[in-house]
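Below is one structure, written out as structure tokens, with a few remarks after it.
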2 protein chains.
Amino acid sequence: MQKQTFLTKNQQIVLNLVEKSSQPLKAYSILFNVQKKGLKAPLQVYRALDKLVEIGKIHKIESRNAFIACQDSSCQISKATAFSICESCEKVTEINNSKLSKYLNNFKDSSGMKYSKYNLEFFGLCKKCKNK
Amino acid sequence: MQKQTFLTKNQQIVLNLVEKSSQPLKAYSILFNVQKKGLKAPLQVYRALDKLVEIGKIHKIESRNAFIACQDSSCQISKATAFSICESCEKVTEINNSKLSKYLNNFKDSSGMKYSKYNLEFFGLCKKCKNK
DNA sequence: AATTTTTTGTTATAATATAACAATGTGTAA
DNA sequence: TTACACATTGTTATATTATAACAAAAAATT
Ligand SMILES: [Zn+2]
Ligand SMILES: [Zn+2]
Ligand SMILES: [Zn+2]
Ligand SMILES: [Zn+2]
């Protein structure tokens with residue numbers, strides 16, 4: 001069997017929901033919202049999420065245990081991700097900055113370990129929240 | 001009441017255990033290991049962990065839901081952290097690289113949002129695992 | 001000593017995530 | 001085209017991670 005190149009029904013349902021949301025969604029909130037579409041169990045959601053993360057359609061915000069649609073069309077796979085997170089309103093934005101990604105992709109520490117992947121999360125107050 | 005400057009008994013017990021470990025520990029593994037010292041419930045461990053993270057004695061490895069002692073004496077508070085994580089043996093090392101931290105502390109994206117905190121996790125294979 | 005705040009102990013429960021296994025579907029190749 | 005391999009699904013149960021709520025004790029402040 002070929003490696004899957006399209007999305008299965010469950011994956012498409014989950015992706016549609018995550019893409020409609022402007023903010024990260026939690027797995028059980030996704031589950032709740034797709035139950036009318038026939039996905040009844042957590043595993044069905046987690047499996048779809050796993051695959052969508054693997055192929056880079058969505059990313060997991062680790063510090064929030066939440067999932068957000070990829071906002072960067074050049075981001076084919078979740079191997080170099082950076083996000084800004086507002087600690088007040090929890091707004092999350094994917095950072096697409098080529099200098100930053102170049103810097104981090106080329107980063108080597110003293111251990112000589114070469115990294116194949118990174119995830120960076122910045123925290124602060126967004127403009128809106130700063131002016132309150 | 002003054003802000004607490006010393007560690008309470010529970011915090012010290014948890015810190016001792018985490019510091020003895022060369023690798024990140026999970027909360028319930030900590031709980032199991034400190035039960036003989038009198039900490040019986042998850043909350044007692046989580047409370048200690050929260051405080052220890054807050055004051056920078058330990059850090060949370062978000063992608064692993066695990067806690068590691070700070071390996072950088074200059075790291076007074078968990079507001080600028082970077083780790084290398086081996087995806088094979090799960091060895092985690094705190095990265096202490098002043099160029100990197102300067103770069104990230106000064107990073108501004110196009111949104112104009114100024115960040116007060118970041119967490120960076122690099123993934124790859126450590127030397128040992130690469131040579132297998 | 002009275003007050004305030006922090007820390008603790010305790011029970012219960014919420015939230016996040018995976019194991020195990022049978023059934024079904026889909027692509028590959030004899 | 002039919003047998004095979006393997007990916008995906010459905011389902012139930014369970015594991016893992018984390019917090020709510022509240023009463024009691026301990027420590028700092030007045
Ligand atoms: Zn992306
Ligand atoms: Zn905000
Ligand atoms: Zn540190
Ligand atoms: Zn390794």
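Chain A is the first sequence line, chain B the second, and so forth, proteins listed ahead of strands; every chain is numbered from 1.
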Out of [options], which nucleotide sits closest to the side chain of [X]?
X       : options                : value
A:Leu43 : C:dA19, D:dT9, D:dA18  : C:dA19
B:Phe6  : D:dA28, C:dT8, C:dT18  : D:dA28
B:Ala27 : C:dT10, D:dA18, C:dA17 : D:dA18

(request) Please name all residues satisfying side chain to side chain donor-acceptor pair (under 3.5 Å) with B:Gln23, sequence neighbours left out, ordered by chain then number. (result) none

Specify the separation, in whole Å, of atom [atom1] of [X] and atom [atom2] of [N].
X       : N      : atom1 : atom2 : result
B:Arg47 : C:dT6  : CZ    : P     : 13 Å
B:Phe32 : D:dT17 : CZ    : C1'   : 18 Å
B:Arg64 : C:dT18 : CZ    : P     : 11 Å
A:Leu25 : C:dA15 : CG    : P     : 16 Å

Give a yes/no on whether any side-chain N or O of [X] is located under 4.0 angstrom from OP1 or OP2 of [N].
X       : N      : result
A:Lys9  : D:dT9  : no
A:Asn65 : C:dA15 : no
A:Lys40 : D:dG10 : no
B:Thr8  : C:dT6  : no

(request) Compute the ring centroids of B:Phe122 and A:Phe107, then answer whether they are less than 6.0 Å apart. (result) yes

(message) A:Phe83 and side chain to side chain contact (heavy atoms under 4.5 Å, CB included): which single residue from A:Thr93, A:Ile95, A:Ile68, A:Leu120 fits?
(response) A:Ile68

(message) By nearest heavy atom, map A:Gln44 and A:Tyr28 onto DNA chain D; which one lands nearer the 5' end?
(response) A:Gln44

(request) Kindly compute the distance separating CG (A:Leu17) from NZ (A:Lys37), expressed to the nearest 0.5 Å. (result) 9.0 Å

(request) Between A:Tyr46 and B:Asn10, name the one whose nearest nucleotide on DNA chain C is closer to the 5' end. (result) B:Asn10

(message) Both B:Ala41 and A:Lys60 contact DNA chain C. Which one's nearest nucleotide lies toward the 5' end?
(response) B:Ala41

